[in-house]
Amino acid sequence: TGRFDSGRSLQGNGGLLVGAANDELALIGVPLSVLLDQPVTRHTGVFGELGCVLDQGLQNWVIDLGAHWAPTNAMVADIGAGSGYYTARMAKLVGATGRVYATDIQPGMLELLNRRIKAEALTNVTPVLGGMDDPKLPDAAIDLAIMVDVYHELQTPQVFLQKLRQVFKPGGRLVLVEFRKEDPNVPILAVHKMSVAEVKMELEAEGFVLDKVIDVLPWQHIIVLRVK
């Protein structure tokens with residue numbers, strides 16, 4: 001019951017594009033006029049028929065978290081990487097001896113990612129075609145994984161989490177960014193929101209522990225978990 005049987009998918013989300021720069025929105029035919037009346041930043045997420053501009057603060061916080069938990073030589077996973085907005089920034093943080101695994105389930109997104117890798121000469125990024133129930137990452141390899149507005153879209157979150165749990169090194173951390181379900185004033189469809197209680201219930205059942213919730217953004221939770 002509940003969201004586990006919802007049958008939602010990233011591919012069927014009516015144009016979900018995570019990590020896309022504004023100039024890439026044209027590739028999926030989304031006019032900027034659909035976005036809410038806020039300053040357009042360099043990172044834009046599009047959710048079905050309702051678009052929103054992710055706050056600049058989100059960019060800063062995700063990168064700051066990466067700097068804190070993904071030092072030089074760290075192994076990082078950007079799950080649902082899209083065109084690689086965060087991938088590129090994490091790659092620069094971890095340096096030549098580190099690596100970023102950038103996963104997406106859509107081949108078209110990996111094409112955009114590969115363009116970015118080439119344009120920015122990123123030699124420490126490994127694109128990965130993930131599955132709906134499997135991140136397709138190496139076991140016991142990851143220090144930090146981020147999922148920006150991605151987790152709530154999983155069709156079979158238990159199965160995905162069981163496989164995701166295996167990819168972390170001891171003490172590894174997972175950072176989820178999700179729109180606040182607790183706040184009815186967040187102008188996003190309910191299907192694209194998660195509450196902290198839901199995240200805690202679902203992830204702690206699969207071997208993660210809620211570490212902290214960082215609520216510095218106007219619409220989104222930044223939820224930090226660690227492996228048990």
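Because the structure is predicted, anything quoted here is derived from the model rather than measured. Atom set for the values below is all heavy atoms of this structure, side chains included, hydrogens, waters and symmetry mates excluded.
Linking ILVMFWY side-chain heavy atoms closer than 4.5 Å, directly or via other members, places Leu161 and Val196 in a single hydrophobic cluster. Val159 and Met147 fall into different hydrophobic clusters, where Ile, Leu, Val, Met, Phe, Trp and Tyr residues are linked whenever their side-chain heavy atoms come under 4.5 Å apart, directly or through other members.
A search for ring-ring contact (aromatic ring centres under 6.0 Å, His included) contacts involving Tyr101 returns nothing, not counting sequence neighbours. When the side-chain contact (heavy atoms from CB on, under 4.5 Å) test is applied to Glu204, the partners found at least two apart in sequence or on another chain are Lys200, Val209, Leu210. Checked against side-chain contact (heavy atoms from CB on, under 4.5 Å), Leu129 has the following partners two or more places apart in sequence or in another chain: Pro107, Leu110. Under the side chain to side chain donor-acceptor pair (under 3.5 Å) criterion, Lys136 pairs with no residue at all, not counting sequence neighbours.
Of the candidates Val175, Val100, Val224, Val175 is the only one forming a side-chain contact (heavy atoms from CB on, under 4.5 Å) with Leu144. Checking each of Leu174, Leu164, Val227 against Leu203 for a side-chain contact (heavy atoms from CB on, under 4.5 Å) leaves exactly one that passes, namely Leu174.
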Exercise for review: Given side-chain contact (heavy atoms from CB on, under 4.5 Å), test His192 with Asp149 step by step and report yes or no.
Suggested key: CA-CA 8 Å; His192 298 302; Asp149 298 313; over 6 Å; no
**Request:** Please report the C-alpha distance between Ile146 and Val177 in whole Å, then the side-chain angles of each, then the deciding distance to 0.1 Å, and finally whether the side-chain contact (heavy atoms from CB on, under 4.5 Å) criterion is met.
**Result:** CA-CA 8 Å; Ile146 64 172; Val177 178; over 6 Å; no
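The structure places CZ of Arg165 at 12.0 Å from CG of Leu225, a figure rounded to the nearest 0.5 Å. From Met201, atom CE reaches atom CD of Glu206 across 10.5 Å, with rounding to the nearest 0.5 Å. The CZ atom of Arg116 sits 4.5 Å away from the OG atom of Ser83 when rounded to the nearest 0.5 Å. Taking CG of Asp143 as the reference point, atom NZ of Lys169 lies at 3.5 Å (rounded to 0.5 Å). Atom CD1 of Ile117 is separated from atom CG of Leu112 by 11.0 Å, given to the nearest 0.5 angstrom.
For Asp133 (side chain) and Phe160 (main-chain N/O), no donor-acceptor pair under 3.5 Å exists by modelled atom type. Remark: side-chain polar atoms of Arg89 are paired, donor with acceptor, to backbone N or O of Tyr85 under 3.5 angstrom. Panel note: side chain Asp104, backbone Gly82; a donor-acceptor pair is recorded below 3.5 Å.
Of all heavy-atom pairs between Ala91 and Val125, the closest is CB-CG2, 3.7 Å. The shortest non-hydrogen separation linking Val128 to Pro135 is CG1-O, 3.8 Å.
Every pair tested for salt bridge (charged side-chain N to carboxylate O under 4.0 Å, His left out) that includes a residue from residues 216-228 fails, sequence neighbours excluded, so the list is empty. Residue pairs meeting the salt bridge (charged side-chain N to carboxylate O under 4.0 Å, His left out) criterion with at least one partner in residues 174-187, sequence neighbours excluded, are Arg180-Asp215, Lys181-Glu198.
Between Met194 and Ile223, every side-chain heavy-atom pair lies at or beyond the 4.5 Å cut-off. You'll find the side chain of Leu176 reaches within 4.5 Å of the side chain of Val199, heavy atoms only. Side-chain contact between Met132 and Ile105 is present, with at least one heavy-atom pair separated by less than 4.5 Å. The shortest side-chain heavy-atom distance between Lys193 and Val186 falls under the 4.5 Å cut-off. Leu113 places a side-chain heavy atom less than 4.5 Å from the side chain of Pro127.
A salt bridge links Asp211 to Arg173: one of the charged nitrogens lies within less than 4.0 Å of a carboxylate oxygen.
Thr87 and Asp78 share a donor-acceptor pair across their side chains, judged by distance under 3.5 Å alone.
Between Phe179 and Trp219, the angle of the ring planes lies from 30° to 60°, which puts this pair in the tilted group.
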